[in-house]
Amino acid sequence: MLARATPKTSDTEFTTGIVWFRRDLRSFDHAALYHALKTCRQVHCVFVFDKEILDHLPRADRRVEFIQASVVELDAALRALQPSAGLVTLHAVAAQAIPALAKTLHAQAVFASHDDEPQALARDAVVRGALAHMGVALRTYKDHVIFERKEVLTQQGKPYGVFTPYKNAWLKKLDDFYLKSYPVAAYATHLAPCERQPVPSLQDLGFETTNLASLKLPAGASGGQQLVEEFFERIEHYHATRDFPGIKGPSYLGVHLRFGTVSIRQLAAMAYPLHLQGFQGASVWLSELVWRDFYVQILSNFPHVAQGAFKPEYDQIAWQHGKPAKALFEAWCQGQTGYPLVDAAMAQINQTGYMHNRLRMVVASFLVKDLGLDWRWGEAYFAEHLNDFDLASNNGGWQWASSSGCDAQPYFRIFNPTSQSEKFDPEGKFIRRYLPQLAKLSNAAIHAPWTAKPMELQAAEVVLGKTYPQPIVAHDAARTRTLLRYAVVKKPHALPDA
DNA sequence: GTGCGATTAAG
DNA sequence: TTAATCGCA
């Protein structure tokens with residue numbers, strides 16, 4: 001077979017293009033970078049430390065430090081691909097800086113990855129408009145999920161609102177094409193020369209150093225790769241270990257998925273064959289990746305969830321408010337609720353920016369259904385403190401816990417913080433790590449110190465109300481109040497099962 | 001001959 | 001996902 005009209009190899013559409021990196025801080029298996037290199041003779045790479053985002057963050061923010069370190073590594077990785085190349089880094093308002101850079105460089109196109117968070121969509125619309133005004137194209141590509149937007153739909157062409165059928169359709173649609181990686185290295189000669197300039201330091205950006213270095217959270221694509229390798233050593237146990245915060249069960253890849261220092265295709269491509277081979281751990285973990293796609297898709301198709309309940313009737317609920325509510329919230333934030341598992345979990349997020357997934361559900365349930373506080377308060381707290389904060393997943397998780405979401409837990413299902421503790425931290429290993437003041441309590445008493453005999457408290461050097469708080473609410477009473485509070489959403493025939 | 005939805009191919 | 005091609009009205 002001869003001259004099969006060789007498609008695109010020499011058909012560079014543009015002389016100059018820009019790849020605008022955002023939440024995709026890697027130089028391999030990268031959709032936008034691939035397409036840019038393929039269609040432009042010269043490709044400039046840029047990252048903007050966006051003042052529009054950074055100015056609203058606390059001055060000590062582990063994520064900024066993680067991003068800064070990852071950007072340094074990305075710059076080096078680009079130079080490793082092509083010695084004359086590199087990353088242009090700016091500290092500016094991205095919506096203005098990108099069009100300005102396109103003008104300076106005489107670029108005809110800008111390439112970037114999809115970001116379907118409402119603020120990112122708004123920013124990209126502004127950029128698209130400004131670029132169009134100059135005759136410059138903005139081309140964006142799916143990169144951070146396997147399936148997005150309207151790729152997985154029901155038979156009726158509607159987005160899924162229930163996870164299990166979504167997952168079935170997701171798995172059915174999956175094939176090796178969607179897991180294939182985008183080869184970048186082969187086109188590295190199209191990377192444009194870049195004057196070597198240092199990436200702004202954390203101090204240049206106006207931020208303080210955090211304790212990130214002391215946490216076991218290696219940044220950059222190399223850090224991501226390291227965690228991937230470590231996790232796949234234990235993935236076959238994932239289903240059995242993932243619910244126990246005292247055990248190293250999870251992948252800890254959330255933050256790398258958030259900033260694109262790992263490739264979702266690579267992860268899914270590694271887990272999928274193990275799933276097919278029947279490794280339960282891999283199947284359960286793959287499901288977690290599907291949950292991530294699910295919530296990204298929910299946010300994209302139902303953007304109102306960023307403001308209010310997925311199920312509108314849940315916006316009728318009257319939450320606790322005023323000064324007492326603020327005090328309860330403050331106690332929750334500070335890990336001063338008197339429920340050890342809740343408090344240990346809050347200590348974990350406050351000290352590390354990470355919280356075990358099981359505990360995210362426990363503290364969320366506690367905030368909403370024991371304290372009677374608006375789930376958005378908790379959502380906002382997580383948004384500020386979680387290293388791996390992702391609007392879609394965080395919102396999905398909080399709406400799940402508050403029962404207001406799609407496929408959420410029923411409103412009358414209320415976690416008992418003590419039995420969760422007994423079940424998932426039976427030896428109090430996790431509690432003792434984060435609440436050393438309770439370390440000497442017995443396994444029987446550590447989940448609910450207020451039930452311990454005075455003798456035991458004394459022997460363990462615990463003084464309730466002094467070294468450790470009394471419970472700020474009684475769970476049983478709170479449970480009753482919550483059922484009343486949620487009565488406004490009750491469907492005429494729905495009967496509570498408990 | 002045209003046009004648009006469906007299908008298929010491509011990292 | 002995007003891009004190209006197909007196929008039937």
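A quick note: this is a predicted structure, and the numbers were derived from the prediction, not measured. Letters A, B, ... mirror the listed sequences (proteins, then strands); counts begin at 1.
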A:Tyr182 OH - C:dT1 P separation (whole Å): 11 Å

Return the value, rounded to whole Å, for the distance between atom NZ of A:Lys180 and atom C1' of C:dT2. 14 Å

Could you state the CG-P distance from A:Leu174 to C:dT1, rounded to the nearest angstrom? 15 Å

Any idea how A:Tyr141 and A:Phe111 line up, ring-wise: parallel (<30°), tilted (30 to 60°), or perpendicular (>60°)? parallel

How many Å lie between CG on A:Leu179 and C1' on C:dT1, as a whole number? 14 Å

A:Lys142 has an atom NZ; how far is it from atom P of C:dA3, in whole Å? 14 Å

Whole-Å distance between C:dT2 P and A:Asp143 CG? 13 Å

Could you state the atom-to-atom distance from NZ of A:Lys38 to P of C:dA3 in whole Å? 12 Å

Under 4.0 Å, heavy atoms only, any strand: does A:Phe147 hit a base, just the sugar-phosphate, or nothing? nothing

Please classify the nucleic acid contact of A:Glu148 as base, sugar-phosphate, or nothing, using heavy-atom distances under 4.0 Å. sugar-phosphate

What is the distance, to the nearest angstrom, from the CG atom on A:Asp116 to the P atom on C:dT1? 10 Å

Under a plain distance cut-off of 3.5 Å, with no hydrogens placed, do A:His275 and A:Ser283 share a side-chain donor-acceptor pair? yes

Ring-face cation contact, A:Tyr381 with A:Arg360, 6.0 Å cut, 45° max: no

Regarding A:Arg23 and A:Asp143, does a basic nitrogen lie under 4.0 Å from an acidic carboxylate oxygen? no

